[in-house]
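Chain letters run A, B, ... following the sequence lines, proteins first, then strands; residues in each count from 1.
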Amino acid sequence: MSYLDELNPVQRQAVENTDGPVLVVAGPGSGKTRVLTYRIAHIMEKGVAPWEILSLTFTNKAAREMQERISKVVGDKARNVWSGTFHSIFARILRVEADKIGYSPNFTIYDTEDTKSVIGAIIKEMNLDKTVYNVNTIRSRISSAKSSLITPRLYAENEAMKMQDRQAKMPFISDIYLKYGERCKRAGAMDFDDLLYRLYELWQKNPEVLDKYRKRFRYLLVDEFQDTNTLQYGIIRKLVHFEGSPRNICVVGDDAQSIYAFRGATIQNILDFEKDFSPFGIKVFKLEENYRSTEHIVQAANEVIRFNKKQIQKKIWSSKGTGQKIKVIKTMTDAEEGKRVADTISEQRNRFHLRNTDIAVLYRTNAQSRVLEEYLRRYNIPYKIFGGLSFYQRKEVKDLIGYLRLAVNPKDEEALRRVINFPKRGIGDSTLDKISELAGQQNLTMWEVLLHIDAGTRTQKSIHEFVKIVQDSGQKAESLNAHEAAMYIAKQSKLIEEYNQDKTVEGLGRLENLNALLDGIKSFVEDDEFETASEQQNKSLASYLQNIALLTDQDDESKNGDYVTLMSVHSAKGLEFKSVFVVGLEEKLFPSFMSMDTPDGLDEERRLFYVAITRAEQYLTLTFSMSRYKFGQMQYNEMSRFIEEIPRDHLESTSALRSGFSADFEPTPSRTTTTAVPSKSGVSGAFKPRPASSNAAPRIDPALFKASPSDQIKVGNTVLHLKFGEGKVLNIDGGKDNRIATIFFEAADDGQEKRIMLKFAKLQIVE
DNA sequence: GAAGTGATGTTTTTT
DNA sequence: ACATCACTTC
């Protein structure tokens with residue numbers, strides 16, 4: 001049987017149309033990965049060499065899964081497909097071309113912490129008030145500038161940006177941005193955004209280099225296209241969108257699952273893609289059958305996402321049967337929430353014969369995991385937390401990696417700052433400041449200053465020792481393999497000794513982590529499992545560092561063991577579980593207070609909720625708590641509007657919603673207005689009335705209610721609304737398909753005039 | 001230069 | 001609640 005027979009008709013078309021531009025709009029659980037992998041297999045079957053195919057994903061996990069699944073179809077050849085994350089593939093290309101942009105192939109990759117530290121140092125040097133110049137804010141400003149292809153120069157010239165900065169009382173951000181770039185370059189370092197930005201720049205300035213890659217990658221596939229930012233799409237376009245290009249590109253995405261707008265992702269890219277490639281015979285396929293979840297879940301998701309204004313029209317459906325209704329649990333405290341979750345997990349395991357691995361608990365913020373942990377532990381439910389502090393972000397691990405980084409690239413200032421006085425060797429802050437100042441004045445790296453500095457005898461001696469350690473390490477890094485070199489460096493730097501002396505439980509853990517890191521390096525040297533076209537590996541320390549720079553904790557999945565998964569909704573994207581708990585469904589938490597004030601922010605939160613509930617195959621449980629500790633203080637919250645947005649008939653029991661709640665939980669007037677106004681693009685977005693549960697407004701017996709056809713409703717009518725009672729139609733506006741009535745409800749408790757979209761509202765004409 | 005103390009911000013999400 | 005950071009004291 002051919003693999004093509006495993007596909008439904010739409011999927012099959014998406015696979016078979018290998019040439020020319022293709023957009024696949026893929027709903028949750030619609031077999032997206034299957035389409036991508038089979039498509040690659042199919043391209044190869046047509047005689048294309050694996051190394052002519054470039055497949056880009058966002059996470060290492062997705063990349064690995066892809067690689068594995070291609071192997072299953074085409075065997076060993078899969079290794080030669082260029083498949084990986086944007087960042088890793090681009091980093092690899094940049095190492096090859098480094099000299100053309102003034103970098104060494106051994107450039108360091110700065111992680112977020114490094115970036116913040118550099119920015120902090122610059123703020124300090126510029127004598128700016130760091131309570132005003134918040135490092136996080138600035139980091140994200142710089143990051144989004146890069147992601148939107150705005151150079152420091154353009155930034156300085158951009159009135160809108162400057163205006164924003166002035167309003168935030170930070171007029172010097174553009175100067176910080178400029179300095180930051182210079183600093184990174186001087187240190188031979190790139191941050192995450194640079195891996196994209198520098199490649200763009202490289203191709204921009206060197207047409208012959210670009211040409212080389214255009215010829216190499218004849219077929220391009222992009223996963224999770226809704227998460228790409230302007231810069232990423234810019235790179236993609238450079239690669240395939242040019243005169244005479246065959247434009248063999250396939251992008252797969254789901255606008256409803258776009259949850260990374262906060263870091264520059266924009267679904268505008270999907271729209272632009274359609275526009276850019278439509279003159280070249282773009283084909284659009286919509287995968288609408290959901291193979292993952294049962295109907296209550298799929299329909300609830302459909303209904304909720306309809307509250308969003310902008311979206312590509314599609315109707316996701318399931319043929320997996322009605323299934324269980326969605327369970328809602330309300331508790332008084334976050335502790336009780338944890339208890340109920342643990343309780344329900346035990347119950348479900350028995351009743352439905354679930355294993356722990358079938359179950360996931362998803363939350364909006366990582367901080368919520370603590371209470372949950374406590375109760376899972378009490379109930380003896382094994383669990384594993386994903387996200388949060390990654391292994392590579394632990395202090396002791398970063399310490400050793402700092403030394404390793406210096407061995408490979410002594411210009412790396414952040415590594416130098418980290419380890420120059422750890423273990424303590426008498427080079428304190430004042431000396432460091434002096435070095436840093438000298439470096440700034442003479443435009444040298446701190447390392448170069450160290451080599452020539454003239455300090456007091458004692459400090460001078462310490463500096464000498466340190467310099468020697470780094471130089472020796474550098475030599476070993478060149479002559480030995482990664483593991484041998486790392487062992488040498490760990491000993492020589494006295495790091496092992498330092499942690500050996502710490503006999504506390506914590507200290508022992510640290511030593512253990514250090515050894516785990518060294519073991520990891522050992523297996524890197526011994527293993528050649530992951531040798532692919534994009535990673536022709538050598539076993540040097542430099543090569544090792546390049547490999548781990550882009551790893552996160554979710555990557556070393558030791559999937560042995562039976563545990564319940566705890567993770568943020570963001571990191572759950574792409575996963576599925578038989579039973580899913582989404583916890584903390586409260587206003588200001590989910591939707592987050594950070595984004596609930598703007599319509600776009602709220603829409604993104606809703607998409608996030610959409611992602612959360614569509615992870616569930618059979619059982620979905622939503623929980624919320626009336627109170628919760630935040631920053632050590634008790635906070636009182638209301639139930640999330642997202643629960644309200646699920647039609648009641650998909651919920652198991654509405655008692656959790658009813659008891660103890662009053663009109664507080666009905667949609668607020670402001671919300672009614674915002675959702676009722678049709679968007680300019682005319683796509684769906686509507687206030688959808690639900691049968692009221694409890695409300696101060698008059699109750700109407702639903703059995704006696706009979707909605708009148710919306711086109712019969714006229715100005716002056718008196719109408720009956722299930723929730724708001726009797727009202728008089730004051731005005732009707734909007735286009736013929738989107739008529740909106742302004743209705744005066746006598747009995748409604750809040751803001752009596754309401755704007756209601758007739759297309760969706762159920763109103764009965766009384767007279 | 002190190003170690004201890006109090007104030008302050010932090011929690012949205014990640015390559 | 002927790003961590004980080006500035007400020008004090010030794």
Side-chain angles (χ1 to χ4, degrees), chain A residues 56-63 84-91 109-113 115-117 120 124 130-131 134-137 139-140 143 146-147 190-197 224 227-229 231-232 257-265 334 362-371 374 386-390 392-393 395 421-433 456 458-459 462 548-555 567-574 584 588-596 601-602 604-605 607-609 611-612 628-635:
Chain A
L56 297 172
T57 57
F58 270 84
T59 63
N60 298 301
K61 198 165 65 185
T85 64
F86 280 90
H87 291 85
S88 69
I89 297 271
F90 293 174
I109 296 173
Y110 274 174
D111 65 14
T112 309
E113 227 179 285
T115 297
K116 290 204 292 202
S117 159
K124 195 168 157 195
K130 67 174 186 182
T131 56
N134 178 291
V135 174
N136 280 314
T137 312
R139 191 199 65 80
S140 96
S143 171
K146 277 189 208 163
S147 308
M190 295 199 200
D191 66 18
F192 290 137
D193 300 313
D194 285 333
L195 295 177
L196 314 178
Y197 189 77
E224 307 279 16
D227 289 335
T228 51
N229 60 34
L231 173 53
Q232 282 159 328
Q257 294 185 69
S258 158
I259 54 173
Y260 287 109
F262 71 93
R263 63 176 199 208
D334 47 356
L362 310 181
Y363 34 75
R364 180 65 180 81
T365 67
N366 282 313
Q368 288 166 257
S369 67
R370 289 192 67 233
V371 202
E374 206 180 308
F386 292 81
L389 248 213
S390 117
Y392 297 104
Q393 285 171 348
K395 184 190 175 304
N421 201 30
F422 188 87
K424 300 258 154 62
R425 48 174 75 84
I427 308 175
D429 285 347
S430 55
T431 311
L432 208 56
D433 282 350
R458 249 172 77 184
T459 316
S462 303
I548 60 157
L550 297 166
L551 282 190
T552 59
D553 213 27
Q554 351 239 304
D555 295 325
M567 58 169 61
S568 71
V569 180
H570 278 92
S571 31
K573 191 161 79 161
K588 297 183 188 163
L589 181 59
F590 199 173
S592 157
F593 69 100
M594 296 291 291
S595 32
M596 60 190 291
L602 191 56
E604 173 141 325
E605 294 287 317
R607 291 192 295 267
L608 196 52
F609 182 62
V611 168
R628 176 178 303 279
Y629 275 100
K630 194 182 182 187
F631 305 147
Q633 277 209 309
M634 183 79 93
Q635 293 243 315

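By the side chain to side chain donor-acceptor pair (under 3.5 Å) test, Gln257(A) is found to be paired with Asp254(A), Arg615(A), residues two or more places apart in sequence or in another chain being considered. For Arg263(A), the side-chain contact (heavy atoms from CB on, under 4.5 Å) criterion is met by Phe58(A), Tyr260(A), not counting sequence neighbours.
If you check every strand for non-hydrogen atoms under 4.0 Å, Tyr629(A) touches nothing. Among the protein residues, Thr431(A) comes within range of the sugar-phosphate backbone only, with heavy atoms under 4.0 Å from sugar or phosphate atoms but none that close to a base. If you check every strand for non-hydrogen atoms under 4.0 Å, Tyr260(A) touches sugar and phosphate atoms only. Looking at heavy-atom distances under 4.0 Å, Asn136(A) makes contact with sugar-phosphate atoms alone, never a base. Counting non-hydrogen atoms under 4.0 angstrom, Asp191(A) reaches nothing in the nucleic acid. Residue-level contact check: Asn134(A) touches the backbone only, with heavy atoms under 4.0 Å from sugar-phosphate atoms and none from bases. Counting non-hydrogen atoms under 4.0 angstrom, Phe192(A) reaches a base of the nucleic acid. Across all strands, Lys424(A) comes closer than 4.0 Å only to sugar-phosphate atoms, never to a base (heavy-atom distances).
A ring-centre distance under 6.0 Å is not found for His570(A) and Tyr363(A).
For the pair Phe386(A) CZ and dT13(B) P, the interatomic distance rounds to 17 Å; values are reported in whole Å.
Residue Arg425(A) places none of its side-chain N or O atoms closer than 4.0 Å to OP1 or OP2 of dG1(B). In terms of phosphate contacts, Asn366(A) brings a side-chain nitrogen or oxygen within less than 4.0 Å of OP1 or OP2 of dT13(B).
Side-chain atoms of Ser140(A) and Ser143(A) include no donor-acceptor pair closer than 3.5 Å.
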